[in-house]
Protein chains: 2
Amino acid sequence: MDALTEVQQQLYDWLIDYIRQNQHSPSIRQMMRAMGLRSPAPIQSRLEHLRNKGYIDWTEGKARTIRILKPMGIPILGAIAAGSVVEAFTDSVEQLDFSSSLLRPGDYALRVRGDSMIDALIDNGDVVIMRPVQDPQALKNGTIVAARVNGDGTTLKYYHRKGNQVTLKPANRNYKPIETPAMEVEVQGVLVGMWRGYNPVAS
Amino acid sequence: MDALTEVQQQLYDWLIDYIRQNQHSPSIRQMMRAMGLRSPAPIQSRLEHLRNKGYIDWTEGKARTIRILKPMGIPILGAIAAGSVVEAFTDSVEQLDFSSSLLRPGDYALRVRGDSMIDALIDNGDVVIMRPVQDPQALKNGTIVAARVNGDGTTLKYYHRKGNQVTLKPANRNYKPIETPAMEVEVQGVLVGMWRGYNPVAS
DNA sequence: GACTTTATGGTACAAATGTTCTGTGAGAAG
DNA sequence: CTTCTCACAGAACATTTGTACCATAAAGTC
């Protein structure tokens, strides 16, 4: 990714902020005013530079169609020590992207009920993000899947297959694995992510 | 939230899909063509209905400025049993929202290093989403915070305060709590969420 | 100095676009 | 039946808006 000049960076930062707040891109004359300019031409020029450098894109001739190509999300500022006190904030620019790369169309979420996956650090109340499987044959052993056995109900388990025998293992010693023919198992999705929300105002 | 007529629902669904894919709202004539109409007036009418019912909003007179008011995200299809096989998919319409309500401007993420929060089900490599604290005095005991002690480094710990004494407790018996005067503790954020990504193609 | 890139101001134009108005018709509610 | 709401077509208009062109100037590069 090419570097930006100062004014290009200013416009780019403002653009991202505007789109985040308003859910749509501004018009060129809006950017003109925001940058303190009195002509649309400089904005046009900066936008073309931003496009040439791969930061943005838009549909030519159409109003307010600028797209941010770099993933949007919240910045991962650095690493935090959960062991001993070691690391401080850095100026890392890694981004946690919720919009495009992590989630795909078709993904869905499930709220976890129960504690059978507790050893996999998935708790009751957590939200798991699942992705439908196109090719059940390509499923790797050890992946966590949402599977329905015998039309009964959907459970979250480790998936293990040996020949035509499938074992669904919970991550909790108090529960027993389910062993059944592959025919009986309908894999509804593989685990791609997990979200746990905290309420900061709790006592 | 008021109910929608069939054509209104169609337009609304198409709108959400379009905005999700293109990062900007379509024009009225685009919607017209997508709905198979030959006049912009019906779209105008449907949009006003959607606005009156609280689903969308836009800036009058400006092109492509429609905003979706209902949170966007991926649908939470239901609950999944992690204990025993109990629940099936439902037609729940709850949404896991990554764009507006869960995350706020100013939020940032940190990648967790170490295992001191393992008993809180936060693992090495997880990404925690933190929110800056406006009023450190209002911090409740028991919340998980990113705190810097004595200018040393930032750690993720449970926050407990008693008078002017602050205790930062790890969620791992192998580590000891840090006890220090409140003066020495700089709380950089409270935990509002946690994300763990899985790679479905792993063996 | 000559040349290129970038930044800026000003103006102009065609296309895109939101909006309004008129008229017609279907269906539900009273 | 009357009334109301909603849906659709067609046309027209004013504004917004992307784009192009011309000219000036500052800064860096050769």
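Residue numbers begin at 1 in each chain, while the letters A, B, ... track the order of the sequences. Computed from a predicted model, the values in this text were never measured in an experiment.
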Whole angstroms only, please: what is the [atom1]-[atom2] distance between [X] and [N]?
X       : N      : atom1 : atom2 : value
A:His24 : D:dG18 : NE2   : C1'   : 16 Å
A:Ile43 : D:dA20 : CD1   : P     : 16 Å
A:Arg29 : C:dA15 : CZ    : C1'   : 13 Å
B:Met32 : D:dA11 : CE    : P     : 12 Å
A:Glu6  : D:dA27 : CD    : P     : 13 Å
A:Ile66 : D:dT17 : CD1   : P     : 12 Å
A:Glu60 : C:dA16 : CD    : C1'   : 14 Å
B:Glu48 : C:dG18 : CD    : C1'   : 11 Å

Is there a donor in the side chain of [X] and an acceptor in the side chain of [Y], or the other way round, less than 3.5 Å apart?
X        : Y        : value
B:Tyr18  : B:Gln30  : yes
B:Asp115 : B:Tyr175 : yes
A:Glu48  : A:Asn52  : no

| message | Please compare A:Ala41 and A:Pro26 by the position of their nearest nucleotide in DNA chain D and report the one closer to 5'. | response |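 Closer to the 5' end of DNA chain D: A:Pro26.
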
From the list [options], which nucleotide is the closest neighbour of the side chain of [X]?
X       : options                : answer
B:Leu37 : C:dT6, D:dA9, C:dT17   : D:dA9
B:Val7  : D:dA7, C:dT17, D:dT19  : D:dA7
A:Ser39 : D:dG18, C:dG10, C:dG18 : C:dG10
A:Ser27 : C:dT19, D:dG18, C:dC21 : D:dG18
A:Ser45 : D:dT19, C:dG18, C:dA7  : C:dA7
B:Ile28 : C:dT6, C:dG18, D:dT19  : C:dG18
A:Arg64 : D:dA9, C:dT17, D:dT17  : D:dT17

Check whether any side-chain N or O of [X] sits under 4.0 Å from OP1 or OP2 of [N], and answer yes or no.
X       : N      : value
B:Gln44 : D:dA7  : no
B:Trp58 : C:dT19 : yes
B:His49 : D:dT5  : no

| Where do B:Met31 and B:Leu11 come nearest, in terms of heavy atoms and distance? |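 Nearest heavy atoms, B:Met31 then B:Leu11: SD-CD1, 3.9 Å.
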
| task | Could you check whether A:Ala63 gets within reach of a base, just the sugar-phosphate, or nothing at all, counting any heavy atom under 4.0 Å? | result |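 Counting heavy atoms under 4.0 Å across all strands, the contact made by A:Ala63 is with sugar-phosphate only.
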
| said: Under 4.0 Å, counting only non-hydrogen atoms across every strand here, what does B:Arg38 touch: a base, just sugar-phosphate, or nothing? | reply: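 Contact class for B:Arg38: sugar-phosphate only.
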
Tabulate below the donor-acceptor pairs under 3.5 Å that side-chain atoms of residues 117-125 of chain A make, not counting sequence neighbours, or state none.
from: A:Asn124; atom 1: OD1; to: A:Gly114; atom 2: N; distance (Å): 3.2

| Ionic contact status for B:Lys169 with B:Glu179, cut-off 4.0 Å |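 Salt bridge between B:Glu179 and B:Lys169, a charged N being under 4.0 Å from a carboxylate O: no.
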
